[in-house]
Number of protein chains: 2
Amino acid sequence: MLEPHHPDLGQVSLAEVLRGLSDPARLHMVKTMYALGECECSLVYADLGLSKSNASHHFRVLRESGILRRTQRGNQQYATLRADELKARFPGLLEAVIANSGAGSGVRADPGPSGER
Amino acid sequence: MLEPHHPDLGQVSLAEVLRGLSDPARLHMVKTMYALGECECSLVYADLGLSKSNASHHFRVLRESGILRRTQRGNQQYATLRADELKARFPGLLEAVIANSGAGSGVRADPGPSGER
DNA sequence: TCAGTAGTTCAATGACCACTGAACTAGTGG
DNA sequence: CCACTAGTTCAGTGGTCATTGAACTACTGA
């Protein structure tokens, strides 16, 4: 398998990183990786109920946003947050996201009235 | 004109806020508002080259993500970052975004010769 | 009343996104 | 060689997004 491309973080804009983080499933994945360090992909999305192909999609988005790095060992893919690089490029951002990704931050409590338009 | 709806920040998820911030134009708007405090909408998007309707769209996204508050005085709409509320709800996040929204964060930079990695 | 200003709403367009299931690739171990 | 496991790629679907231009609302000042 071809080594997937990992962008130079210097080339990644803040907006792109935020876009990568702006999905509840991906936030959950990031949080898990932050807690576990390098880990098998299956571990990251096991409790998320994502299908294989959907998980693969989200991993790709995160990789292309510069948020994680993937490596292969044997039969399995491993994923690692590019935590140090992110902290160097966007100081305080990852810390804030991790600190605020707890309960109540990824899921809304109430659908909201959506009373307009 | 009907008062627009401003969501309770307690109901807004981190993913939604990140989504609101994940566009270069909106990041720019947020940065401008952070620097200027309450200000006329026209000031916020004047140097962005956004059309009126497009700017109105982005203001609505930011409002619905809980990022800003809009008020009307006379003929003009004013926009204010909900900075204190955001800092209370997602500590460190707004600070990190503002601090990293400078040059090179919203727009891809030139590759740069001192290539690393 | 009338023109001008400020901004919203609407319909439409093209792009992209999340998600699915099926087909595919690649490594592991019998 | 064969099945098994782990994950990717592909085509397609429905939904949302950014953007535009035109029509509309609402306030202001002459």
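So you know, we letter chains A, B, ... as the sequences are listed, proteins then strands, and number each from 1. Values reported hereafter were calculated over all heavy atoms of this structure, with side chains retained and with hydrogens, waters and symmetry mates removed.
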Whole-Å distance between C:dC19 P and A:Met29 CE? 11 Å
Can you tell me how far C1' of C:dA18 sits from CG of A:Leu21, to the nearest Å? 17 Å
Residue closer to the 5' end of DNA chain C, A:Arg73 versus A:Asp23 (nearest nucleotide): A:Asp23
Nearest-nucleotide comparison on DNA chain C, the residue closer to the 5′ end among A:Asn54 and B:Arg70: B:Arg70
Nucleotide N/O of nucleotides 4-6 of chain D paired with protein N/O under 3.5 Å:
| residue | atom | partner | partner atom | Å |
| --- | --- | --- | --- | --- |
| D:dT5 | O2 | A:Asn75 | ND2 | 3.1 |

Rounded interatomic separation in angstrom, taking CG from B:Leu27 and C1' from D:dA18: 15 Å
Quickly, which of B:Asn100, B:Asp23, B:Leu18 forms a side-chain contact (heavy atoms from CB on, under 4.5 Å) with A:Leu18? Name it, please. B:Leu18
Under 3.5 Å, is there any donor-acceptor pair linking the side chain of A:Ser53 to the base of C:dG21? yes
Rounded to the nearest Å, what distance is computed from the CZ atom of residue B:Arg26 to the P atom of nucleotide D:dT19? 9 Å
B:Asp8 backbone acceptor or donor facing B:Gln11 side chain under 3.5 Å: no
Rounded to whole Å, please give me the gap between CG in B:Leu18 and P in D:dC17. 15 Å
Check step by step if salt bridge (charged side-chain N to carboxylate O under 4.0 Å, His left out) holds for A:Arg69 and A:Glu38. CA-CA 9 Å; A:Arg69 207 173 275 285; A:Glu38 183 185 62; over 6 Å; no
Length of the CD-C1' vector between B:Glu64 and C:dT8, whole Å: 13 Å
In whole angstrom, give the distance that lies between atom CZ of B:Arg19 and atom C1' of C:dA18. 12 Å
Can you check whether A:His58 has a side-chain N or O nearer than 4.0 Å to OP1 or OP2 of C:dC19? yes
For B:Leu68, which of B:Leu62, B:Val44, B:Thr80, B:Val30 qualifies under side-chain contact (heavy atoms from CB on, under 4.5 Å)? B:Leu62
Salt-bridge test for A:Glu64 and A:Arg60: reply yes if a basic N is under 4.0 Å from a carboxylate O, no otherwise. yes
Provide the closest heavy-atom pair for B:Leu14 versus A:Val97 in the form atom of the first, atom of the second, distance. CD2-O, 3.6 Å
Please state whether the phosphate of D:dT20, meaning OP1 or OP2, lies under 4.0 angstrom from any side-chain nitrogen or oxygen of B:Ser51. yes
So, is the end of the A:Arg70 side chain (NZ or CZ) under 6.0 Å from the ring centre of A:Phe59 and within 45° of the ring's axis? yes
In this structure, how many angstroms lie between the P atom of D:dT9 and the CZ atom of A:Arg63, rounded? 8 Å
Phosphate-side-chain proximity, A:Arg60 and D:dG7, N/O vs OP1/OP2 below 4.0 Å: no
